[in-house]
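Reading through the structure tokens given below for one structure.
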Amino acid sequence: QGQLVESGGELVQPGGSLRLSCAASGISVSDRVMYWYRQAPGKEREWVAYILITNTTAYSGSVKGRFTISRDNAKNTVYLQMNSLKPEDTAVYYCKGGADYWGQGTQVTVSH
């Protein structure tokens with residue numbers, strides 16, 4: 001059974017950076033689309049970024065130019081590098097593998 005475990009979320013000041021990790025077991029991050037989503041308090045979960053098998057990437061308009069998704073096949077891990085963080089980036093960030101697998105989420109809080 002596949003499992004995804006996110007880590008790296010924490011409290012950071014506006015303008016700061018964080019790198020989130022999504023470690024996979026039981027499935028391979030190299031043979032499926034991998035996604036990052038986020039859910040802010042009182043809001044619906046929203047798509048943030050994805051990376052295809054071909055390494056093509058795409059981003060939502062709210063994070064484009066600030067966030068970068070990447071994949072390390074040897075470590076079976078997907079990353080989300082987040083720069084120039086804003087208070088509105090505060091959310092629980094989730095990793096998704098293909099259509100079937102979700103992680104448990106990691107909290108990112110952007111505040112003074």
Query raised in the report: Between D89 and R66, does a salt bridge (charged side-chain N to carboxylate O under 4.0 Å, His left out) hold up when you go through it step by step?
Result: CA-CA 11 Å; D89 294 317; R66 300 187 297 122; 2.8 Å; yes
Contact check, side chains of [X] and [Y], non-hydrogen atoms, under 4.5 Å:
X: V63; Y: R38; answer: yes
X: Q107; Y: T90; answer: yes
X: S17; Y: V12; answer: no
X: E6; Y: L20; answer: no

Report task. Return the set of residues passing side chain to side chain donor-acceptor pair (under 3.5 Å) with S30 (not counting sequence neighbours), or none when no residue passes. Result -> S28
Taking [X] for the side chain and [Y] for the main chain, is one N or O donor matched with an acceptor at less than 3.5 Å?
X: D72; Y: T77; value: no
X: N83; Y: G65; value: no
X: W47; Y: A49; value: yes
X: R45; Y: V92; value: no

Which pair of heavy atoms, one from [X] and one from [Y], lies closest together, and at what distance?
X: V78; Y: M34; answer: CG2-CG, 3.7 Å
X: V48; Y: Y37; answer: CG2-C, 3.8 Å
X: Y59; Y: F67; answer: CE2-O, 3.2 Å

Query raised in the report: Do V29 and I27 sit in the same hydrophobic cluster, where Ile, Leu, Val, Met, Phe, Trp and Tyr count as joined when their side-chain heavy atoms come under 4.5 Å apart?
Result: yes
Report task. Would you mind listing every disulfide (SG to SG under 2.5 Å) that reaches into residues 20-71, with sequence neighbours excluded? Result -> C22-C95
Query raised in the report: Residues in side chain to side chain contact (heavy atoms under 4.5 Å, CB included) with S70, at least two apart?
Result: Y79
